[in-house]
Amino acid sequence: MNLTSICDTYTLNNGVKIPCVAFGTYKAALGDNVEILKQAAACGYRYFDTASFYGTETFLGQAIKESKLPREEFFITSKMWKDEMGYDAAKAAFSRSLEKLGTDYLDLYLIHWPLPSPGYKDWKTLDVKTWRALEELYEDGKIRAVGLSNFLPHHIENLLENCRIRPMVNQIEFHPGHTQEAVVNYCKEQDILVQAWSPIGRGRVLEDELIVELAGKYRVSPAQICLRYALQRGVLPLPKSSSPERMRQNQELFSFEISKEDMYRISTMPPTGWSGEHPERERIRS
Ligand code: A2P
């Protein structure tokens, strides 16, 4: 791994360079959002992940404007929600996102979930129609890269059989205790970059005995173990935090390396911290 800072990049399958760590904005809708996002930019984050569902696009647009940095300094991802799928709906959703973000292009745009609801029968046709809209926006130069979120291999196969432009990214729940190996391996084979939402398992993983042990061994925090683990797997983590101290801590991932043995121990630890979300099931609430 040759990464040395959060601004170092991975290269997507269309050649676009993407910073290797993003700042997640889900639930930044609580508290003083614009201030938190401005702090994150001041801390050095340039890649921000939002979605129409999060309700944070307007705040992010404002924070970017107030940062006084040029738009091109930032890498911005948004996603269309389950009720915005379909050819026309996806195009309309994209326009709304641009407007809220106060920009005329996105760096990355994702389909948020493969099914609008568990049990939805005609997802194959709906996904292909939605993807068609993204392909056109991409070809028109309005999006620099297009991708998926929460797609499982069979959902991706359906698109690969029917697309002109291959997805560049798949964003999934990924953290120690829930690494979705089948999805990660499939994406790797297909040259699709995996991104990790909830890379520290929304805190649920931070008290796990192995993660705590390794934090002591490497003299870092449990959160840093989780984030470094993602990077060493070639996965792009999207940590979020409302505290400047933790925002900074989450960038300090480049001065230690988890050994091969410890990587295997993390990859095989007992399941823990799953959000309860699966695209084909009703959400399990813990
Ligand atoms: P806070 O905003 O108080 O920092 P995830 O991204 O896995 O869903 O987890 C997000 C949660 O993890 C947030 O509630 C955030 O709380 C917390 N968090 C973020 N960074 C750290 C860290 N370095 N150490 C402990 N908790 C963290």
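Numbering of ligands and ligand atoms starts at 1, following listing order. Below, each value reflects all heavy atoms present in this structure, side chains not excepted, and no hydrogens, waters or symmetry copies. One is the number of the first residue; the rest follow in order along the sequence.
Side-chain atoms of Thr103 never come within 3.5 Å of backbone atoms of Glu99 as a donor-acceptor pair (strictly under, hydrogens ignored).
Ring centroid separation for the pair Phe94 and Tyr109 comes in under the 6.0 Å cut-off. Residues His112 and Phe151 place their aromatic rings such that the two centres sit no closer than 6.0 Å.
Interface atoms of ligand 1 facing Ser198, defined by a heavy-atom separation under 4.0 Å, are 5 (P), 6 (O), 7 (O), 8 (O). Counting the atoms of ligand 1 from 1 in the order shown, those under 4.0 Å from a heavy atom of Ser242 are 1 (P), 2 (O), 3 (O), 4 (O). In the vicinity of Gly201, heavy-atom distances shorter than 4.0 Å reach the ligand 1 atoms 7 (O). The ligand atoms of ligand 1 that sit less than 4.0 angstrom from a heavy atom of Leu206 are 25 (C), 26 (N). Heavy-atom proximity to Pro199, at under 4.0 Å, picks out these atoms of ligand 1: 6 (O), 7 (O).
Taking any N or O of Gln249, backbone or side chain, at least one lies under 3.5 Å from an N or O belonging to ligand 1. Taking only nitrogen or oxygen atoms, main chain and side chain alike, Ile200 reaches within less than 3.5 Å of ligand 1. At a 3.5 angstrom cut-off on N or O pairs, Leu238 does not count as close to ligand 1. For ligand 1, none of its N or O atoms has an N or O atom of Ser221 under 3.5 Å away.
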**Request:** Apply the test salt bridge (Lys or Arg N to Asp or Glu O under 4.0 Å) to residues Asp262 and Lys217: give CA-CA distance (whole Å), side-chain angles for both, the deciding distance (0.1 Å), then the verdict.
**Result:** CA-CA 10 Å; Asp262 291 333; Lys217 175 175 170 183; 2.7 Å; yes
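Within the 4.0 Å cut-off (strictly below), no protein heavy atom is located near atom 14 (O) of ligand 1.
The minimum heavy-atom distance between Gly234 and Leu193, with the atom names listed, is O-CD1, 3.7 Å.
Atom 19 (C) of ligand 1 has its closest protein heavy atom at Lys240 O, 3.1 Å. For atom 20 (N) of ligand 1, the nearest protein heavy atom (residue, atom name, distance) is Asn250 ND2, 3.0 Å. For atom 7 (O) of ligand 1, the closest non-hydrogen atom of the protein is Arg202 N, 2.8 Å.
A salt bridge links Asp49 and Lys79; the closest N-O separation between the charged side-chain nitrogens and carboxylate oxygens is under 4.0 Å. Between Arg265 and Glu213 there is a salt bridge, since at least one side-chain N of the basic residue sits less than 4.0 Å from a carboxylate O of the acidic one. The existence of a salt bridge linking Lys129 and Asp122 is excluded, since no basic side-chain nitrogen approaches an acidic carboxylate oxygen closer than 4.0 Å. Salt-bridge annotation for Arg96 and Glu84: present, with a side-chain N of the basic residue lying under 4.0 Å from a carboxylate O of the acidic one. We find that Arg132 and Glu135 are joined by a salt bridge, their nearest charged nitrogen and carboxylate oxygen being less than 4.0 Å apart.
Checking Arg204, Arg246, Gln224 against atom 25 (C) of ligand 1, the nearest heavy atom belongs to Arg246.
The shell of residues lying under 4.0 angstrom from ligand 1, judged by heavy atoms, excludes Gly24.
Contacts of Ala223 with ligand 1, taken as heavy-atom pairs under 4.0 Å, involve the side chain alone.
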